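For reference, the structure discussed in these notes is given below.
From a predicted model like this one, the values you see are computed outputs, not experimental measurements. Sequence lines set the chain letters: A, B, ... in the order given, protein chains first and strands last, and positions in each chain run from 1.
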Amino acid sequence: MYSDLVMDHFSNPRNVGEIPDADGVGTAGNPVCGDIMKIYIKVKDDCIEDIKFKTFGCGAAVATSSMVTEMVKGKTIEEALVITDKAVAEALGGLPANKMHCSNLAATTVHKAIEDYRSKVGAGSR
Amino acid sequence: MYSDLVMDHFSNPRNVGEIPDADGVGTAGNPVCGDIMKIYIKVKDDCIEDIKFKTFGCGAAVATSSMVTEMVKGKTIEEALVITDKAVAEALGGLPANKMHCSNLAATTVHKAIEDYRSKVGAGSR
Amino acid sequence: MENKPDKVVYMDHSATTAVHPKVLDAMLPYFSERFGNASSIYGLAREARRALDQSRQTLAEGIGAKPEEIIFTSGGTESDNLALKGVADALRSKGNHIITSAIEHHAILHVCEYLSKRGYEITYLPVDKHGIVDPDAVGRAITEGTVLVSIMHANNEVGTIEPIAEIGRICKERKVVFHSDGVQAVGKLPIKVDELGVDLYSISAHKFYGPKGVGALYVRRRTPLIPQAQGGSQERNRRAGTENTAGIVGLATAIAMAEERRDDYNRKVGALRDRLIAGIQERIPSVCLNGHPTRRLSNNVNFCFQYVEGESILLNLDLMGVAASSGSACTSASLEPSHVLLAMGVQPEIAHGSVRLTLGYDNTEQEVDYVLSILPEIIERLRSMSPLYSKAGAAAGGGNG
Amino acid sequence: MENKPDKVVYMDHSATTAVHPKVLDAMLPYFSERFGNASSIYGLAREARRALDQSRQTLAEGIGAKPEEIIFTSGGTESDNLALKGVADALRSKGNHIITSAIEHHAILHVCEYLSKRGYEITYLPVDKHGIVDPDAVGRAITEGTVLVSIMHANNEVGTIEPIAEIGRICKERKVVFHSDGVQAVGKLPIKVDELGVDLYSISAHKFYGPKGVGALYVRRRTPLIPQAQGGSQERNRRAGTENTAGIVGLATAIAMAEERRDDYNRKVGALRDRLIAGIQERIPSVCLNGHPTRRLSNNVNFCFQYVEGESILLNLDLMGVAASSGSACTSASLEPSHVLLAMGVQPEIAHGSVRLTLGYDNTEQEVDYVLSILPEIIERLRSMSPLYSKAGAAAGGGNG
Ligand SMILES: Cc1ncc(COP(=O)(O)O)c(C=O)c1O
Ligand SMILES: Cc1ncc(COP(=O)(O)O)c(C=O)c1O
């Protein structure tokens with residue numbers, strides 16, 4: 001069902017955890033669908049310096065979470081915002097059709113974390 | 001499908017043939033149903049002295065024809081009239097359900113031959 | 001008359017065939033080792049899933065289709081039922097008229113009867129004396145309300161091959177969905193769904209050395225079809241039920257083999273067929289070959305033997321070690337003469353005397369010659385017993401048994 | 001954590017079972033030797049016919065029925081479809097109301113949806129937190145127009161055994177036809193159709209060490225039923241299609257074996273089940289056994305593991321060589337939480353964390369202990385990754401992978 005790359009990210013997920021003093025936190029999904037992702041980012045000089053995730057969900061949810069952290073770590077915020085859920089799925093070599101909807105929210109979650117970061121920075125600077 | 005006794009009568013039918021100077025001839029069945037029996041009898045002293053048949057039909061049709069000739073040969077006309085199609089089937093140890101209707105007409109055919117004989121005798125005596 | 005052979009001379013391949021040893025070999029691992037449920041996610045199930053995918057691919061390639069256009073079923077009957085009811089159901093709002101032929105298998109005709117009780121109008125097209133449907137008659141029968149045409153690829157009783165490609169062209173022009181029952185055609189005729197112009201096509205594995213209880217329905221993309229078995233989401237929600245992995249692998253292996261040896265099969269079996277037909281015509285008077293002289297399946301021999309009844313011939317053949325049938329196997333419980341022969345204009349009493357000998361890859365010249373050696377005597381003996389024969393005055397009266 | 005075993009630890013027996021070697025042995029002759037079409041008249045066909053008759057007799061004896069009350073089908077799904085549509089069709093003039101439960105298999109629920117689109121009214125009875133249907137609720141739901149009650153014998157996800165005999169009594173009193181889906185019950189529960197009071201009963205061979213693609217429907221004499229597959233006159237005109245002789249022989253052999261070893265099976269498998277349930281409850285916090293504590297199938301273990309999602313657990317189990325499932329295999333393509341758990345009142349996010357481990361005759365204590373040795377770590381690792389777990393404050397925050 002899942003490709004080897006998906007299974008690799010599922011079995012050895014990168015960047016699992018929380019960042020207690022995160023600059024931004026994003027959450028997507030809902031428990032009824034069976035997938036919830038939470039992403040923490042640390043931003044320095046407009047760059048995503050550190051990123052961690054926690055995910056409740058199926059194999060695809062875990063793997064996309066892991067993959068997205070690898071994809072955006074060290075990237076600028078602008079670069080991170082360009083990455084789509086679809087791009088994450090592609091980076092994993094594709095996902096089963098029925099997993100494309102609910103379980104493929106990792107980029108969305110990163111965008112939400114960035115939004116959170118921006119709203120805090122905005123609030124702080126205001 | 002057929003019992004051994006039916007197959008025996010089918011493979012070695014008794015009394016096949018015609019009686020050129022028969023005292024009575026009976027026919028039953030019709031070609032659309034796929035079964036036609038013709039029975040010839042020779043009567044002496046109210047007794048069926050000789051009997052022969054010709055049959056176009058399935059295994060059951062042939063076997064019942066053969067069986068009925070054995071059953072009535074040497075019997076009186078009254079005795080022969082008591083024999084039913086059902087009795088012939090029973091004497092054969094039963095027939096498949098779908099063969100009980102069209103293919104089981106041998107006794108009926110004998111009765112028709114007797115009728116024919118009686119009508120001729122009646123005509124002669126009148 | 002020769003002695004009864006040690007081995008049964010099997011000449012009823014259109015009723016069913018033995019599973020080929022190669023096919024059985026391919027199936028065996030899927031009973032007890034790779035037994036996983038193809039819908040589960042673990043390794044064992046992935047093996048089954050892979051076998052299913054591979055089988056679907058093989059079948060699709062065999063008939064020039066795409067894998068997602070294949071629905072695996074439990075046999076030809078289910079495929080026919082699904083095709084007719086599925087399309088009729090799906091297009092109910094568009095119309096209620098279905099066109100078929102008078103010589104279809106009961107898996108089509110009895111579904112049509114079922115549908116006609118539920119408000120559908122059925123046109124049963126006639127056939128000519130060789131059993132051929134006129135494509136123009138299909139065109140003329142199509143009305144505004146026609147939702148489906150179903151004409152078999154080759155007839156199971158008399159082996160006549162229908163002009164499917166022409167009918168397909170007409171259906172396409174008139175934008176009517178076209179189904180063909182191909183159960184008897186696989187392994188004998190080239191089947192490329194685009195060339196045939198069919199939207200749906202029924203297949204049954206046990207007719208070409210595959211297992212019984214498994215079949216397939218080809219459904220061209222975008223053909224409206226309402227599933228007839230509700231339950232799990234197998235076969236992309238179009239046919240529920242845990243997949244019969246072993247059976248499906250058997251079907252695929254069998255069709256690959258059938259396609260590979262098709263030319264060889266037709267050459268070899270066709271020669272036996274011609275030898276049998278010629279031999280019967282030479283040796284037995286008052287016989288008549290049913291079906292088309294040339295547009296017929298390479299394995300089909302079907303004769304009417306006048307003045308005698310078919311079952312009696314079959315029983316005698318069986319006693320002599322030859323397995324044959326009169327018409328379709330599933331109607332052998334019935335006493336009606338063959339609806340196919342009647343539709344071809346054969347008189348009922350003559351239709352009753354029909355025997356079908358359908359050859360297979362493993363039949364031999366010796367077997368054909370054996371049948372030719374015993375058949376004249378069987379017919380002669382039965383004729384001597386027949387009241388129709390003497391009535392016909394064609395020969396001397398019968399002797400005693 | 002122990003090393004991954006050489007052989008897969010298969011704990012998904014409710015999805016499907018491997019064909020038992022004895023069953024396969026019984027089937028083998030019917031593929032390539034005794035391959036005759038059971039409806040033909042010659043010797044080869046008589047062998048097949050005899051095998052069919054014998055199989056029908058065996059199955060009938062196994063469930064306390066008469067041979068003529070058995071219809072062989074292509075599996076549990078077809079049996080369920082035939083039962084519901086067949087009775088609904090036959091009694092359409094009497095009424096249009098059908099009663100079932102909210103926890104039936106999709107082969108029942110999706111047929112009900114199909115029927116509801118065609119004018120039938122369906123009542124879905126609720127269940128209690130253990131998944132049990134209240135027989136009195138059945139009685140209360142019956143109206144003038146009720147034509148059929150269908151309640152499963154045992155649930156495939158949580159193993160709950162329903163009070164079928166009581167429901168049967170009520171249906172009999174109220175003169176309503178009663179069907180039960182017994183697919184999961186065979187080999188585990190005593191099945192005597194008269195004691196259960198069922199008029200129809202569905203069976204699927206691959207759930208008790210028989211082959212996939214073959215099943216049966218018991219139909220009590222005089223129960224009105226309109227056939228759903230039209231074609232040949234097989235199965236006394238109630239299910240058309242060339243008989244899957246090998247499959248049917250497999251079904252019969254499997255049920256005879258299942259009945260013979262039923263007590264042994266329940267004792268052995270039940271002990272493993274209890275060991276697995278107790279072990280999980282001891283070793284893993286925040287878990288909850290789904291289904292009834294005692295009125296459950298001897299082979300069913302079903303737990304919700306809070307804060308984690310079921311598929312992730314299954315994938316980890318698979319990586320460690322254990323085959324299990326979350327709910328029914330045929331819905332594993334769906335993302336919805338189990339309709340059975342929801343009907344039992346389980347919260348959706350908790351229902352997502354359910355895992356079903358269904359044991360079989362060949363599972364061992366070692367295998368159970370192996371699962372118990374790896375499962376706590378898998379759950380712990382997934383929980384450490386779960387945002388719900390830390391939110392729940394039930395443990396320390398997650399570490400890094
Ligand atoms: C032309 C045709 N259609 C359909 C069928 C039905 O196939 P099955 O018996 O495999 O269901 C048959 C054979 O029985 C057939 O010859
Ligand atoms: C309770 C129940 N009913 C029906 C079915 C359907 O049986 P099959 O998949 O053999 O068609 C299953 C299993 O899939 C089941 O567990």
Side-chain angles (χ1 to χ4, degrees), chain A residues 1-4 6-22 25-40 50-66 69-70 95-105 109 112-113, chain D residues 4 286 304-320 323 325-327 329-339 341-342 346-355 377-393 395-401:
Chain A
M1 189 168 84
Y2 290 128
S3 68
D4 287 348
V6 172
M7 283 309 292
D8 177 43
H9 274 271
F10 172 76
S11 316
N12 307 295
R14 292 37 153 187
N15 307 304
V16 175
E18 296 172 53
I19 303 178
D21 58 343
V25 181
T27 307
N30 83 60
V32 177
C33 287
D35 290 298
I36 304 174
M37 299 176 188
K38 194 162 184 179
I39 284 188
Y40 302 80
D50 196 11
I51 179 163
K52 292 231 182 295
F53 81 89
K54 284 213 158 185
T55 287
F56 164 86
C58 64
V62 173
T64 50
S65 308
S66 166
T69 61
E70 293 266 280
L95 288 174
N98 62 334
K99 297 293 185 180
M100 287 302 282
H101 182 53
C102 285
S103 316
N104 186 18
L105 293 170
T109 317
K112 287 196 174 179
Chain D
K4 186 170 158 177
S286 304
C304 281
F305 297 91
Q306 271 190 66
Y307 317 120
V308 295
E309 197 271 347
E311 190 196 283
S312 287
I313 306 173
L314 296 186
L315 288 172
N316 274 298
L317 285 171
D318 184 35
L319 289 170
M320 296 300 292
S325 86
S326 59
C330 10
T331 54
S332 61
S334 137
L335 301 171
E336 311 265 294
S338 149
H339 68 281
L341 295 180
L342 296 184
V346 178
Q347 293 303 308
E349 67 267 37
I350 294 180
H352 272 295
S354 75
V355 168
E377 207 163 316
I378 290 173
I379 300 298
E380 179 50 33
R381 202 176 79 88
L382 288 171
R383 282 183 177 166
S384 77
M385 222 190 273
S386 169
L388 302 176
Y389 193 49
S390 37
K391 195 193 276 172
N400 197 329

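Between the side chain of E311(D) and the backbone N or O of G59(A), at least one donor-acceptor pair lies under 3.5 Å. Using a distance-only test at 3.5 Å, with no hydrogens or angles considered, a donor-acceptor pair links the side chain of K54(A) to the main chain of S384(D).
Between L319(D) and M7(A) the shortest side-chain heavy-atom distance falls below 4.5 Å. Looking at heavy atoms from C-beta onward, P13(A) lies in side-chain contact with R381(D) at the 4.5 angstrom threshold.
Taking every heavy atom of both residues into account, Y307(D) and F56(A) meet most closely at O-CD1, 3.1 Å.
Crowding of D21(A) atom CG: a count of heavy atoms from other residues, nucleotides or ligands under 6.0 Å exceeding 12.
Rounding to the nearest 0.5 angstrom, the gap separating the CZ atom in F10(A) from the OG atom in S312(D) is 4.0 Å.
Residue contact with chain D, scored on non-hydrogen atoms closer than 4.5 Å, involves the side chain of Y2(A) exclusively. Proximity to chain D (any heavy atom under 4.5 Å) is shown, for S11(A), by both the backbone and the side chain.
With sequence neighbours excluded, the residues satisfying side-chain contact (heavy atoms from CB on, under 4.5 Å) with T64(A) are M37(A), V88(A), L92(A), L95(A), N104(A), A106(A).
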